[in-house]
Amino acid sequence: MSDSGFSERVEAVRSFNRFYTKRIGVLREGLLRSPYSLTQARIIYELAQAETATATELGKALGLDAGYLSRILRGFEERGLLARETSKTDGRQNLLRLTRKGRAAFTMLDRRSREEFGQMMGALSVAEQGRLVTAMETIEKLLGAGTRPKPPYLLRPHRPGDMGWVVHRHAVLYAAEYGWDERFEAMVAEIAAAFIKNYDPKCERCWIAETDGEIVGSVFLVRQSPRVAQLRMLLVEPKARGLGLGTRLVAECVTFARRVGYRKITLWTNSVLHAAIHIYRKSGFTLVHEEPHHSFGADLVGQTWELPLRDADS
């Protein structure tokens, strides 16, 4: 039996598509009042998230024709947005990365996108915002995006109540795993309080990791000086270890630090924190100083690690 309403439903979807593309400004000559098309902006976004990628990876991620993508990338190079370097593991592949100018373009697009969608969502009540997000999730699920494996965790910015969790879980875990006393809890509380009191969203961030609504990790990036950022209070709950969460949290810090123009990230840790040190080393940090000290009721070796951030245009 034929479905007499099928054509009407197809037309309803097409009508919604026309409405939504107009609503989010896709039909404008430049996306978000920029000189970039939607496709160009998506390529810039993917490169900003991945730090480096090959043209093959970009084409696969975005479903773009290789020739079309190649022309866009060539144009980016001519405009100073993109740099290439030969892969150390496969000489046939070129690694693509955004230059400082390219990262500035991403920062502008990202800021304008947040502002535009913030204005659109701000016109709705909290309940209406929830209905909109649920409807969009339904569309994603029905049209195929929902077939992707559910991520083991989600990252979000901090909100009221999170600092209490950070202090509590640091105190409990470090006491259980390393025998550190309440003086460590006091230090973490001071750091968390200073972050909230002095928080500058333009150059500082806190990432909170959740699994099914439960907090399982955190990390902070704070301003030490105009050119130096400090990574602080990386924590992953035992139940969430082995998922790559610690590496992801550090990667978020590095990506953000590059985006806002820091030249270096520094961090202070202790030599007994082997899992964290493994993540730092894998992320490119190098040990620059260590010194014995007695703190938190234990004899420790404090370590300073640093990561220079590449800022050249080529």
Side-chain angles (χ1 to χ4, degrees), residues 114 118 121 126 129-130 151-226 228-241 243-257 259-260 262 265-270 272-273 275-277 279-280 283 285 293 295-298 300 302-305 307:
R114 289 178 186 277
M121 297 286 282
V126 173
Q129 291 173 17
Y153 53 81
L154 298 173
L155 301 186
R156 62 166 176 80
H158 68 284
R159 59 192 183 207
D162 287 337
M163 295 305 117
W165 179 92
V166 168
V167 175
H168 172 69
R169 292 309 295 163
H170 270 80
V172 170
L173 286 177
Y174 278 77
E177 297 181 356
Y178 302 102
W180 293 3
D181 63 23
E182 65 274 9
R183 284 170 288 187
F184 178 67
E185 181 176 4
M187 185 188 76
V188 175
E190 289 169 358
I191 295 171
F195 176 79
I196 293 299
K197 289 179 180 178
N198 305 313
Y199 177 53
D200 184 348
K202 296 190 296 294
C203 59
E204 298 181 312
R205 281 289 187 276
C206 167
W207 289 265
I208 299 293
E210 288 187 348
T211 295
D212 295 327
E214 179 184 1
I215 301 178
V216 293
S218 64
V219 74
F220 293 70
L221 190 82
V222 300
R223 180 184 184 272
Q224 188 178 88
S225 74
V228 180
Q230 184 175 8
L231 188 153
R232 310 202 78 170
M233 298 195 295
L234 172 66
L235 181 74
V236 176
E237 287 281 357
K239 67 175 69 177
R241 293 170 187 171
L243 301 175
L245 175 55
T247 300
R248 170 72 186 283
L249 288 168
V250 171
E252 291 292 330
C253 290
V254 174
T255 299
F256 177 77
R259 186 188 311 162
V260 300
Y262 286 116
I265 302 177
T266 185
L267 65 89
W268 182 82
T269 187
N270 284 280
V272 295
L273 306 183
I277 288 172
I279 292 171
Y280 301 143
S283 302
F285 285 80
H293 65 105
S295 302
F296 323 128
L300 301 167
Q303 297 182 336
T304 301
W305 292 71
L307 174 67

Engineer: Assess whether side chain to side chain contact (heavy atoms under 4.5 Å, CB included) is satisfied between Trp180 and Ser295, documenting all intermediate values.
Structural biologist: CA-CA 8 Å; Trp180 293 3; Ser295 302; over 6 Å; no
Engineer: Could you pull out all residues at least two apart from Val260 that satisfy side chain to side chain contact (heavy atoms under 4.5 Å, CB included)?
Structural biologist: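 With neighbours one apart ignored, the set is Phe256, Tyr262.
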Engineer: Would you check, one step at a time, whether the test side chain to side chain contact (heavy atoms under 4.5 Å, CB included) holds for Tyr153 with Val236?
Structural biologist: CA-CA 11 Å; Tyr153 53 81; Val236 176; over 6 Å; no
Engineer: Only counting residues at least two apart or in another chain, list the ones meeting salt bridge (charged side-chain N to carboxylate O under 4.0 Å, His left out) with Arg156.
Structural biologist: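 Expected list: Asp162, Glu210.
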Engineer: List in chain and number order the residues that pass ring pair (Phe, Tyr, Trp, His ring centres under 6.0 Å) with Trp165, two or more places apart in sequence or in another chain; answer none if no residue qualifies.
Structural biologist: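 Ring pair (Phe, Tyr, Trp, His ring centres under 6.0 Å) list for Trp165, sorted by chain: empty.
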Engineer: With sequence neighbours excluded, tell me which residues meet side chain to side chain contact (heavy atoms under 4.5 Å, CB included) with Gln129.
Structural biologist: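 Side chain to side chain contact (heavy atoms under 4.5 Å, CB included) list for Gln129, sorted by chain: Met121, Leu124.
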Engineer: Which residues satisfy the salt bridge (charged side-chain N to carboxylate O under 4.0 Å, His left out) test with Arg248, sequence neighbours excluded?
Structural biologist: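 Per chain and number, Arg248 pairs via salt bridge (charged side-chain N to carboxylate O under 4.0 Å, His left out) with Glu252.
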Engineer: Once salt bridge (charged side-chain N to carboxylate O under 4.0 Å, His left out) is applied, do any residues pair with Glu182, and if so which ones, sequence neighbours excluded?
Structural biologist: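 Expected list: none.
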Engineer: List the atom of Phe296, the atom of Arg183, and the distance in Å for their closest heavy-atom pair.
Structural biologist: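 Heavy-atom minimum between the residues: CD2-C, 3.9 Å.
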Engineer: Atom CG of Leu273 and atom OH of Tyr280: how far apart are they, to the nearest 0.5 Å?
Structural biologist: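 If we round to the nearest 0.5 Å, Leu273:CG and Tyr280:OH are 7.5 Å apart.
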Engineer: Checking Val254 against Leu231 for the side chain to side chain contact (heavy atoms under 4.5 Å, CB included) test, could you report, in this order, the C-alpha distance in whole Å, the side-chain angles of both residues, the deciding distance, and whether it holds?
Structural biologist: CA-CA 9 Å; Val254 174; Leu231 188 153; 5.9 Å; no
Engineer: Can you tell me how far the CZ atom of Arg232 sits from the CG atom of Leu267, to the nearest 0.5 Å?
Structural biologist: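 Between Arg232 CZ and Leu267 CG, I get 10.0 Å after rounding to 0.5 Å.
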Engineer: Give the table of side-chain donor-acceptor pairs shorter than 3.5 Å for residues 217-224, with sequence neighbours excluded, one pair per line with atom names and distance.
Structural biologist:
none

Engineer: Tell me the closest heavy-atom pair linking Ala209 and Leu155, and the distance in Å.
Structural biologist: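 Residues Ala209 and Leu155, closest heavy atoms: CB-CD2, 3.5 Å.
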Engineer: Is there a side-chain contact between Leu235 and Val166 in this structure, where contact means two heavy atoms from C-beta onward sitting under 4.5 Å apart?
Structural biologist: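 No; the side chains remain at least 4.5 Å from each other.
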Engineer: Show every salt bridge (Lys or Arg N to Asp or Glu O under 4.0 Å) that has at least one partner inside residues 163-174, sequence neighbours left out.
Structural biologist: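 Every salt bridge (Lys or Arg N to Asp or Glu O under 4.0 Å) pair that includes a residue of residues 163-174, provided the two are not neighbours, is Arg169-Glu237.
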Engineer: Who are the ring pair (Phe, Tyr, Trp, His ring centres under 6.0 Å) partners of Trp305, not counting sequence neighbours?
Structural biologist: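 Counting only residues at least two positions away or on another chain, Trp305 forms no ring pair (Phe, Tyr, Trp, His ring centres under 6.0 Å).
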Engineer: Parallel, tilted or perpendicular: which fits the ring planes of Phe184 and Tyr174, with parallel below 30° and perpendicular above 60°?
Structural biologist: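 Ring orientation of Phe184 relative to Tyr174: tilted.
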Engineer: Between side-chain atoms of residues 188-198 and protein atoms elsewhere (two or more places apart, or another chain), which donor-acceptor pairs fall under 3.5 Å?
Structural biologist:
unit_1	atom_1	unit_2	atom_2	d
Asn198	ND2	Ala194	O	3.1

Engineer: List the residues meeting ring pair (Phe, Tyr, Trp, His ring centres under 6.0 Å) with His168, not counting sequence neighbours, and say none if there are none.
Structural biologist: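 Listed in chain order: nothing, the list is empty.
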Engineer: Rounded to the nearest 0.5 Å, what separates atom CG in Leu154 from atom OG1 in Thr211?
Structural biologist: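 The CG atom of Leu154 sits 7.5 Å away from the OG1 atom of Thr211.
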Engineer: Quick one: do Asn270 and Tyr178 satisfy side chain to side chain contact (heavy atoms under 4.5 Å, CB included)? Show the steps, please.
Structural biologist: CA-CA 11 Å; Asn270 284 280; Tyr178 302 102; over 6 Å; no
Engineer: So which atom in Gly302 and which in His293 form the shortest heavy-atom distance, rounded to 0.1 Å?
Structural biologist: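 Smallest heavy-atom distance, with atoms named: N-CD2, 3.3 Å.
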Engineer: Where do Val216 and Ala240 come nearest, in terms of heavy atoms and distance?
Structural biologist: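 Nearest heavy atoms, Val216 then Ala240: CB-CB, 3.8 Å.
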Engineer: Can you find a pair of side-chain heavy atoms, one from Cys206 and one from Met233, that are under 4.5 Å apart?
Structural biologist: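 SC-SC contact between Cys206 and Met233 ruled out.
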Engineer: Thr247: which residues meet the side chain to side chain contact (heavy atoms under 4.5 Å, CB included) condition with it, sequence neighbours left out?
Structural biologist: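 Result, side chain to side chain contact (heavy atoms under 4.5 Å, CB included) vs Thr247: Ile279, Lys282.
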Engineer: Measure from the side-chain N and O atoms of Asp200 to the backbone N and O of Lys202, and report whether any donor-acceptor pair falls under 3.5 Å.
Structural biologist: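 Looks like yes, one N/O pair under 3.5 Å.
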